[in-house]
Amino acid sequence: IRTSENQTTPHPSSADFVNGLLRAPITSIIGFSEIIGNRNLGETEWEKYVDFAHEIRNSGMLLLDMINDIRDISKIDKGEVRLQPERLDLSQVIVETMSGFQDSCAERGVDFVYEKPDEPVEVMADPHAVRKILKNLLSNAVKFTPADGKITVSSQVSLESVTLVVADTGIGIEESYIASVLAPLEPLMRVNVSPQQGAGLGLAICKSLAEMQGGALRIESIEGSGTTVLVTMPAGSGRN
(Lines give C-alpha, C1' and ligand atoms only; values in the text may rest on other atoms or scores of the structure.)
Protein backbone atom coordinates (compact mmCIF):
# COMPACT_ATOMS: atom_id res chain seq x y z
CA ILE A 1 0.00 0.00 0.00
CA ARG A 2 1.79 3.13 -1.18
CA THR A 3 1.61 6.18 1.12
CA SER A 4 4.03 8.47 -0.65
CA GLU A 5 6.45 8.43 -3.53
CA ASN A 6 9.18 6.80 -1.45
CA GLN A 7 7.31 5.10 1.38
CA THR A 8 5.15 2.02 1.54
CA THR A 9 3.08 0.54 4.30
CA PRO A 10 3.49 -3.25 4.58
CA HIS A 11 0.45 -5.50 4.47
CA PRO A 12 -0.67 -6.64 7.92
CA SER A 13 0.60 -10.06 8.93
CA SER A 14 -1.59 -13.14 9.42
CA ALA A 15 -0.98 -12.70 13.15
CA ASP A 16 -2.66 -9.27 12.94
CA PHE A 17 -5.74 -10.81 11.34
CA VAL A 18 -5.88 -13.68 13.82
CA ASN A 19 -5.64 -11.13 16.62
CA GLY A 20 -8.51 -9.16 15.08
CA LEU A 21 -10.67 -12.23 14.62
CA LEU A 22 -10.15 -13.47 18.17
CA ARG A 23 -10.57 -10.04 19.72
CA ALA A 24 -14.22 -9.64 18.65
CA PRO A 25 -15.69 -12.73 20.37
CA ILE A 26 -13.45 -12.28 23.41
CA THR A 27 -14.61 -8.68 23.79
CA SER A 28 -18.22 -9.82 23.47
CA ILE A 29 -17.76 -12.47 26.17
CA ILE A 30 -16.12 -10.01 28.57
CA GLY A 31 -18.66 -7.25 27.93
CA PHE A 32 -21.79 -9.34 28.37
CA SER A 33 -20.29 -11.11 31.39
CA GLU A 34 -19.66 -7.77 33.09
CA ILE A 35 -23.22 -6.60 32.42
CA ILE A 36 -24.64 -9.78 33.93
CA GLY A 37 -22.20 -9.90 36.84
CA ASN A 38 -22.73 -6.25 37.76
CA ARG A 39 -26.50 -6.40 37.10
CA ASN A 40 -26.17 -3.19 35.13
CA LEU A 41 -29.74 -3.42 33.88
CA GLY A 42 -31.20 -3.81 37.36
CA GLU A 43 -32.66 -6.70 39.27
CA THR A 44 -35.69 -7.42 37.07
CA GLU A 45 -34.33 -7.67 33.50
CA TRP A 46 -33.76 -11.40 33.64
CA GLU A 47 -34.90 -12.05 30.07
CA LYS A 48 -32.22 -9.66 28.78
CA TYR A 49 -29.64 -11.31 31.01
CA VAL A 50 -30.63 -14.69 29.53
CA ASP A 51 -30.20 -13.25 26.03
CA PHE A 52 -26.76 -11.99 27.00
CA ALA A 53 -25.87 -15.45 28.33
CA HIS A 54 -26.79 -16.91 24.94
CA GLU A 55 -24.56 -14.31 23.26
CA ILE A 56 -21.71 -15.35 25.54
CA ARG A 57 -22.20 -18.99 24.58
CA ASN A 58 -22.38 -18.17 20.86
CA SER A 59 -19.21 -16.08 21.06
CA GLY A 60 -17.48 -18.88 22.95
CA MET A 61 -18.49 -21.46 20.35
CA LEU A 62 -17.34 -19.17 17.53
CA LEU A 63 -14.02 -18.65 19.29
CA LEU A 64 -13.56 -22.39 19.78
CA ASP A 65 -14.34 -23.09 16.12
CA MET A 66 -11.82 -20.49 14.97
CA ILE A 67 -9.11 -21.83 17.24
CA ASN A 68 -9.79 -25.39 16.06
CA ASP A 69 -9.61 -24.34 12.40
CA ILE A 70 -6.33 -22.49 12.91
CA ARG A 71 -4.92 -25.49 14.79
CA ASP A 72 -6.07 -27.93 12.09
CA ILE A 73 -4.62 -25.98 9.17
CA SER A 74 -1.36 -25.53 11.09
CA LYS A 75 -1.09 -29.29 11.76
CA ILE A 76 -1.85 -30.08 8.12
CA ASP A 77 0.73 -27.54 6.95
CA LYS A 78 3.37 -29.14 9.22
CA GLY A 79 2.55 -32.66 8.02
CA GLU A 80 1.37 -33.73 11.46
CA VAL A 81 -1.98 -35.16 10.31
CA ARG A 82 -2.01 -38.90 9.63
CA LEU A 83 -5.10 -40.34 7.97
CA GLN A 84 -6.18 -43.98 8.00
CA PRO A 85 -8.45 -44.69 5.03
CA GLU A 86 -10.96 -47.49 5.37
CA ARG A 87 -14.01 -48.65 3.48
CA LEU A 88 -17.13 -46.87 4.74
CA ASP A 89 -20.66 -46.08 3.68
CA LEU A 90 -20.76 -42.41 2.71
CA SER A 91 -24.57 -42.38 2.89
CA GLN A 92 -24.49 -43.23 6.59
CA VAL A 93 -21.92 -40.51 7.28
CA ILE A 94 -24.07 -37.98 5.43
CA VAL A 95 -27.24 -38.88 7.36
CA GLU A 96 -25.44 -38.73 10.72
CA THR A 97 -23.73 -35.41 9.98
CA MET A 98 -26.81 -33.73 8.51
CA SER A 99 -28.80 -34.46 11.66
CA GLY A 100 -26.73 -31.89 13.52
CA PHE A 101 -27.89 -29.12 11.14
CA GLN A 102 -31.60 -29.99 10.87
CA ASP A 103 -32.78 -27.71 13.68
CA SER A 104 -30.86 -24.62 12.53
CA CYS A 105 -32.14 -25.04 8.97
CA ALA A 106 -35.73 -25.52 10.20
CA GLU A 107 -35.53 -22.41 12.38
CA ARG A 108 -34.42 -20.30 9.41
CA GLY A 109 -36.80 -21.86 6.91
CA VAL A 110 -34.02 -23.37 4.82
CA ASP A 111 -34.99 -26.48 2.86
CA PHE A 112 -32.44 -29.18 3.76
CA VAL A 113 -32.42 -32.18 1.41
CA TYR A 114 -30.38 -35.34 1.00
CA GLU A 115 -30.86 -37.09 -2.32
CA LYS A 116 -30.12 -40.49 -0.84
CA PRO A 117 -29.38 -43.28 -3.33
CA ASP A 118 -31.09 -46.65 -3.07
CA GLU A 119 -27.84 -48.50 -2.39
CA PRO A 120 -24.91 -47.82 -0.02
CA VAL A 121 -22.19 -45.54 -1.40
CA GLU A 122 -18.82 -47.00 -0.45
CA VAL A 123 -15.70 -44.84 -0.32
CA MET A 124 -12.13 -45.58 0.74
CA ALA A 125 -11.42 -42.71 3.13
CA ASP A 126 -10.59 -41.75 6.69
CA PRO A 127 -13.96 -41.54 8.53
CA HIS A 128 -12.91 -38.64 10.76
CA ALA A 129 -11.65 -36.67 7.76
CA VAL A 130 -14.87 -37.29 5.79
CA ARG A 131 -16.99 -36.10 8.72
CA LYS A 132 -14.78 -33.03 9.09
CA ILE A 133 -15.13 -32.21 5.40
CA LEU A 134 -18.91 -32.63 5.38
CA LYS A 135 -19.37 -30.71 8.63
CA ASN A 136 -17.35 -27.77 7.27
CA LEU A 137 -19.22 -27.74 3.97
CA LEU A 138 -22.63 -27.88 5.65
CA SER A 139 -21.63 -25.22 8.16
CA ASN A 140 -20.66 -22.89 5.31
CA ALA A 141 -23.84 -23.67 3.39
CA VAL A 142 -26.05 -22.94 6.41
CA LYS A 143 -24.10 -19.78 7.27
CA PHE A 144 -24.39 -18.25 3.80
CA THR A 145 -27.85 -19.44 2.72
CA PRO A 146 -30.63 -16.98 3.57
CA ALA A 147 -34.07 -17.88 4.87
CA ASP A 148 -36.27 -19.75 2.38
CA GLY A 149 -33.15 -20.99 0.59
CA LYS A 150 -32.20 -24.59 -0.12
CA ILE A 151 -29.25 -26.85 0.67
CA THR A 152 -28.93 -30.14 -1.21
CA VAL A 153 -26.52 -32.98 -0.49
CA SER A 154 -25.99 -35.74 -3.04
CA SER A 155 -23.37 -38.14 -4.38
CA GLN A 156 -22.11 -39.09 -7.82
CA VAL A 157 -20.70 -42.60 -8.22
CA SER A 158 -18.31 -43.90 -10.86
CA LEU A 159 -16.18 -47.03 -11.09
CA GLU A 160 -13.08 -45.45 -9.54
CA SER A 161 -14.41 -42.56 -7.49
CA VAL A 162 -17.30 -41.08 -5.53
CA THR A 163 -18.09 -37.37 -5.50
CA LEU A 164 -19.80 -35.77 -2.53
CA VAL A 165 -21.84 -32.75 -3.66
CA VAL A 166 -23.06 -29.96 -1.36
CA ALA A 167 -25.08 -27.30 -3.18
CA ASP A 168 -26.80 -24.22 -1.78
CA THR A 169 -28.78 -21.23 -3.04
CA GLY A 170 -26.80 -18.80 -0.89
CA ILE A 171 -24.84 -15.65 -1.61
CA GLY A 172 -22.26 -17.38 -3.80
CA ILE A 173 -18.57 -16.62 -4.28
CA GLU A 174 -17.04 -14.23 -6.77
CA GLU A 175 -15.11 -16.21 -9.40
CA SER A 176 -11.85 -14.34 -8.82
CA TYR A 177 -12.15 -15.08 -5.12
CA ILE A 178 -12.49 -18.88 -5.31
CA ALA A 179 -8.76 -19.66 -5.53
CA SER A 180 -7.99 -17.63 -2.41
CA VAL A 181 -10.58 -19.36 -0.19
CA LEU A 182 -8.96 -22.70 -1.04
CA ALA A 183 -5.41 -21.61 -0.23
CA PRO A 184 -4.18 -22.50 3.29
CA LEU A 185 -3.65 -19.37 5.40
CA GLU A 186 -4.76 -17.12 2.54
CA PRO A 187 -8.20 -16.48 4.12
CA LEU A 188 -6.47 -15.01 7.18
CA MET A 189 -4.87 -12.36 5.00
CA ARG A 190 -8.15 -11.00 3.61
CA VAL A 191 -9.18 -7.63 4.94
CA ASN A 192 -12.88 -8.46 4.58
CA VAL A 193 -12.93 -11.50 6.88
CA SER A 194 -15.78 -11.03 9.34
CA PRO A 195 -15.30 -12.07 12.98
CA GLN A 196 -18.92 -13.28 12.94
CA GLN A 197 -18.06 -15.70 10.11
CA GLY A 198 -14.99 -17.20 11.73
CA ALA A 199 -11.49 -17.53 10.35
CA GLY A 200 -12.67 -18.68 6.93
CA LEU A 201 -10.34 -21.69 6.82
CA GLY A 202 -12.99 -24.40 6.40
CA LEU A 203 -12.72 -24.82 2.63
CA ALA A 204 -8.91 -24.84 2.71
CA ILE A 205 -9.04 -27.58 5.37
CA CYS A 206 -11.53 -29.59 3.29
CA LYS A 207 -9.34 -29.32 0.18
CA SER A 208 -6.23 -30.45 2.05
CA LEU A 209 -8.02 -33.42 3.67
CA ALA A 210 -9.48 -34.51 0.33
CA GLU A 211 -6.12 -34.36 -1.43
CA MET A 212 -4.39 -36.26 1.38
CA GLN A 213 -6.71 -39.19 0.57
CA GLY A 214 -6.08 -39.15 -3.17
CA GLY A 215 -9.15 -37.00 -3.84
CA ALA A 216 -9.87 -33.43 -4.87
CA LEU A 217 -12.16 -30.51 -4.12
CA ARG A 218 -13.73 -28.20 -6.66
CA ILE A 219 -16.02 -25.18 -6.29
CA GLU A 220 -18.65 -24.02 -8.76
CA SER A 221 -20.27 -20.75 -7.81
CA ILE A 222 -22.06 -17.72 -9.18
CA GLU A 223 -22.06 -14.66 -6.99
CA GLY A 224 -25.60 -14.06 -5.74
CA SER A 225 -26.89 -17.41 -7.03
CA GLY A 226 -25.37 -20.10 -4.81
CA THR A 227 -22.40 -22.41 -4.48
CA THR A 228 -21.74 -26.06 -5.25
CA VAL A 229 -18.77 -27.83 -3.69
CA LEU A 230 -17.70 -31.19 -5.14
CA VAL A 231 -15.37 -33.46 -3.16
CA THR A 232 -14.05 -36.52 -5.00
CA MET A 233 -12.79 -39.57 -3.09
CA PRO A 234 -11.64 -43.04 -4.15
CA ALA A 235 -14.50 -45.51 -4.45
CA GLY A 236 -14.55 -48.24 -1.82
CA SER A 237 -15.37 -50.90 -4.39
CA GLY A 238 -12.27 -50.00 -6.37
CA ARG A 239 -9.74 -50.65 -3.59
CA ASN A 240 -8.86 -53.64 -1.47
Minimum heavy-atom distance Ala141-Val166, with the two atoms named: CB-CG1, 4.4 Å
For the student: nearest non-hydrogen atoms of Ile36 and Tyr49, plus distance: CD1-O, 3.6 Å
Side chain to side chain, Pro117 and Glu119, heavy atoms closer than 4.5 Å: no
Glu160 side chain to Ser158 side chain, donor-acceptor N/O pair below 3.5 angstrom: no
Arg57/Glu55 salt bridge by N-O under 4.0 Å criterion: no
Validation row: Val93, Pro127 side chains within 4.5 angstrom (heavy atoms): no
For the student: nearest non-hydrogen atoms of Val142 and Ser104, plus distance: CG1-OG, 4.1 Å
Heavy atoms of other groups near Glu80 CD, more than 12 under 6.0 Å: yes
Where Arg87 and Glu122 come nearest, the two heavy atoms and their spacing: CD-OE1, 3.2 Å
Phe144 and Ile173, any side-chain heavy atoms less than 4.5 Å apart: no
Donor-acceptor contact present, side-chain Thr169 to main-chain Lys150, <3.5 Å: yes
Set of residues satisfying ring pair (Phe, Tyr, Trp, His ring centres under 6.0 Å) with respect to Phe112, sequence neighbours excluded: none
Minimal non-hydrogen separation, Tyr114 against Val153, with atom names: CD1-O, 3.2 Å
Side-chain (Asp89) to main-chain (Ser91) donor-acceptor, under 3.5 angstrom: yes
Residues in side chain to side chain contact (heavy atoms under 4.5 Å, CB included) contact with Asp126, at least two apart in sequence or another chain: Leu83, Gln84, His128, Ala129, Gln213
Electrostatic pair Glu96:Arg131 at N-O distance under 4.0 angstrom: yes
Student check: side-chain heavy atoms of Ile56 and Ser28 closer than 4.5 Å: no
Side-chain touch Phe101/Ser139, heavy atoms, less than 4.5 angstrom: yes
Considering only distance and modelled atom types, tabulate donor-acceptor pairs under 3.5 Å from the side chains of residues 223-236, sequence neighbours left out.
unit_1 : atom_1 : unit_2 : atom_2 : d
Thr227 : OG1    : Ser221 : OG     : 2.9
Thr232 : OG1    : Thr163 : OG1    : 3.1

4.5 Å side-chain heavy-atom contact, Gln156 and Val162: no
Heavy-atom closest contact (Val121 atom, Ser155 atom, distance): CG2-OG, 3.8 Å
